[in-house]
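Everything below concerns the one structure shown next.
Predicted model, so just to flag it, every value in this text is computed and none were measured. No hydrogens, no waters, no symmetry mates; every other heavy atom, side chains included, goes into these values. Throughout, residue positions are numbered sequentially from 1 according to the sequence presented.
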Amino acid sequence: MKKTLALILALMMLLSLVACGSGGSSSASGSASGSASGSASGSSSSAGSDYSVPTDDSYNSMTADQLYEQAKKEDTTIVVYCTTSKLSKVAEKFMEEYPDLKVEVNDLDAGESITKLVTEVDSGNVLCDVVQDSDSLGDIAFNYYGKYLEAYFPTDICSHINPDMMTYGMPYYSSVSYWFYNTEAFPNAAPVNNWWDIIDTDSSGKQVYDLYMKEPGSESTYLALFSNFIAHPEQLEQAYKDKYGKDLEYTYADDLGFGTKNAGYEYLYRLSQLKVTFISDGDEIVQAVANSTADHPVLGLASAGKITNRDDNKWPIAWVTDLAPYVSTLNTSYVYTVPKSNSPAGSRLFIRYMMGGDNGSGDGYTTIMKEGSWSVRDDYTNDKNPFGIDGTNTINSDLQAVYNTYLDSSDFWTYWHDKSPNK
């Protein structure tokens, strides 16, 4: 099974990292990552007090001016591997402010930056200085710190970030996977306010909503969300009782030998047995929502940033922002430094700039912000959003639990969806 292969590969990587050590950097211990944003109740993290992120403390308290002076004495070309093309615009503005430095931005697919970096470090030819990537499933946090990556925690900027968000690294910004609904079909409010509403069926067994999403077994943000449900099932179980007034009835067979019945698996099972349309493009998902009617309602799960189609294409779409037990997990993008970088001060100066500088409102931050992306800093608010990060009704992902669970989640989904009469 793919799960077995993945576990073997993960074990090999872990043994490799244990042998490599942390490269002499100090470590910053993280706090529990399950606390809530907004009205949702958080879950405790299983990360444990022994989990720490390597960081070089000698740079964390340096000012931008101090970093710039040191950067001019290093390799003055800063190489960035990232997953957002907007960093090219950030780099242009950075070089205007710091003319003695040059930034080369490489826009790569998610995960590709890590693959390139590992090849460089293992061959002894390190080109990369800064990595920006998401880590929805914890693969970076639990496999690549030490030999390949470390975190830069600038003291002044970190004082404006919730410590819970820094458990697994330096957060850059966050996005959310929201359910979208059609505002013409439902002009007064979203038609659902509970996760169990989404997969509801009528008295004849017909599902109430046509559902559109990316394939959950391979989409990392979906796997992270469902893995959080599975890791902390009591909240989903309570949401069921709140909706139906009775305890959850478990209907899936334990064919995979996972043992104790779990509300997260029950939800995933019921979803797997419904008619779901899988589309890899988020714009097409929300287009299906826009084309739906009250007689044939559609709900689509997509990145919050797809809301821009509302204005760009005049589509009647909106986020479902109130779901019990919570809307979603925060999909956080992280930024990393490289221990063997030839531009240690320059790379950190660029990260400071990316994070908005001293007060968060610098061009480095404002350039990448759009509706559907949220600042992690409490001294900067993205005014394109109707509410701040505390109003998203999300939780910080329990990344340790997700890392321990997502392979089982994926296998469970694949097994039962393959048996679905609606496949």
Side-chain angles (χ1 to χ4, degrees), residues 27-38 42 45 47 51-55 60 80-84 86-87 90 110 113-114 130-142 144-145 149-177 220-221 224 228 303-305 328-337 347-348 350-357 359-362 364-370 372-382 385 388-392 394-400 402-403:
S27 297
S29 297
S31 56
S33 67
S35 64
S37 299
S45 170
Y51 182 83
S52 60
V53 176
T55 184
N60 292 343
V80 180
Y81 293 166
C82 64
T83 58
T84 172
K86 290 186 176 181
L87 274 188
V90 174
S113 58
I114 300 300
V130 175
V131 173
Q132 174 269 318
D133 209 337
S134 59
D135 191 24
S136 299
L137 301 177
D139 286 327
I140 295 177
F142 298 105
Y144 296 104
Y145 274 131
L149 295 171
E150 60 187 6
Y152 167 49
F153 291 119
T155 305
D156 55 340
I157 292 176
C158 289
S159 69
H160 293 286
I161 300 175
N162 184 337
D164 291 344
M165 297 195 72
M166 295 185 287
T167 303
Y168 301 105
M170 185 62 183
Y172 184 25
Y173 66 90
S174 289
S175 59
V176 177
S177 293
S220 62
T221 55
N228 271 283
S303 172
S328 189
T329 53
L330 285 175
N331 303 325
T332 301
S333 172
Y334 292 90
V335 61
Y336 310 90
T337 51
S347 61
R348 287 163 174 81
F350 184 64
I351 291 174
R352 282 190 66 90
Y353 192 84
M354 288 170 61
M355 294 292 302
N359 58 17
S361 60
Y365 222 18
T366 58
T367 299
I368 60 103
M369 288 294 169
K370 66 175 184 177
S373 59
W374 280 268
S375 163
V376 299
R377 297 182 59 156
D378 63 16
D379 57 345
Y380 172 78
T381 299
N382 177 13
N385 289 323
I389 197 169
D390 288 339
T392 57
T394 58
I395 65 165
N396 293 316
S397 182
D398 184 345
L399 210 56
Q400 175 74 76
V402 168
Y403 183 71

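- For Arg348, the salt bridge (Lys or Arg N to Asp or Glu O under 4.0 Å) partners at least two apart in sequence or on another chain are Glu150.
- Counting heavy atoms from C-beta on, the side chains of Ile140 and Tyr334 never come closer than 4.5 Å.
- Applying the side-chain hydrogen bond (donor to acceptor under 3.5 Å, both in side chains) test to Ser134 and every residue at least two apart in sequence or in another chain returns nothing.
- Listed by chain and residue number, nothing satisfies the salt bridge (Lys or Arg N to Asp or Glu O under 4.0 Å) test with Asp378 (two or more places apart in sequence, or in another chain).
- Side chain of Asp398 to backbone of Asn228: no donor-acceptor contact under 3.5 angstrom is found.
- Tyr173 is linked by a side-chain hydrogen bond (donor to acceptor under 3.5 Å, both in side chains) to nothing, counting only residues two or more places apart in sequence or in another chain.
- For the pair Tyr172/Leu87, a side-chain contact is recorded, criterion being any heavy-atom separation below 4.5 Å from C-beta on.
- In plain terms, the two heavy atoms of Trp374 and Gly388 that are nearest each other are CD1-C, 3.5 Å.
- Taking the ring pair (Phe, Tyr, Trp, His ring centres under 6.0 Å) definition, one finds that Tyr353 meets it with Phe94, sequence neighbours left out.
- Residues meeting the side chain to side chain contact (heavy atoms under 4.5 Å, CB included) test with Ser175, sequence neighbours left out: Asn331.
- How far CD1 of Ile157 is from CZ of Arg352: 4.5 Å, rounded to the nearest 0.5 Å.
- Contact detail for Tyr152 and Pro154: the closest heavy-atom pair is O-CD, 3.1 Å.
- Thr155 is linked by a side chain to side chain contact (heavy atoms under 4.5 Å, CB included) to Asn60, Ser61, counting only residues two or more places apart in sequence or in another chain.
- Applying the side chain to side chain contact (heavy atoms under 4.5 Å, CB included) rule to Thr366 yields the partners Asp363, Tyr380; only residues at least two apart in sequence or on another chain are considered.
- Listed by chain and number, the residues in a side-chain hydrogen bond (donor to acceptor under 3.5 Å, both in side chains) with Thr221 are Glu219 (sequence neighbours excluded).
- Remark: Asp133 pairs with Ser113 by the side-chain hydrogen bond (donor to acceptor under 3.5 Å, both in side chains) rule, at least two apart or across chains.
- In this structure a side-chain-to-backbone donor-acceptor pair under 3.5 Å is present from Asp135 to Asp139.
- When the side chain to side chain contact (heavy atoms under 4.5 Å, CB included) test is applied to Ser174, the partners found at least two apart in sequence or on another chain are Met165, Leu330, Thr332, Val376, Ile389.
- Here the options are Met354, Met355, Gln132, the test is side chain to side chain contact (heavy atoms under 4.5 Å, CB included), and the partner is Met170; only Met355 passes.
- For the residue pair Ser375 / Asn382, no side-chain donor-acceptor distance below 3.5 Å is found, with atom types taken as modelled.
- Proximity of a side-chain donor or acceptor of Tyr168 to a complementary backbone N or O of Val53 within less than 3.5 Å is not detected.
- Here the side chain of Thr83 pairs no donor or acceptor atom with the backbone of Ala110 at under 3.5 angstrom.
- Between Asn385 and Thr392, the closest side-chain pair of non-hydrogen atoms is not below 4.5 Å.
- For Ser159 (side chain) and Asp156 (main-chain N/O), a donor-acceptor pair under 3.5 Å exists by modelled atom type.
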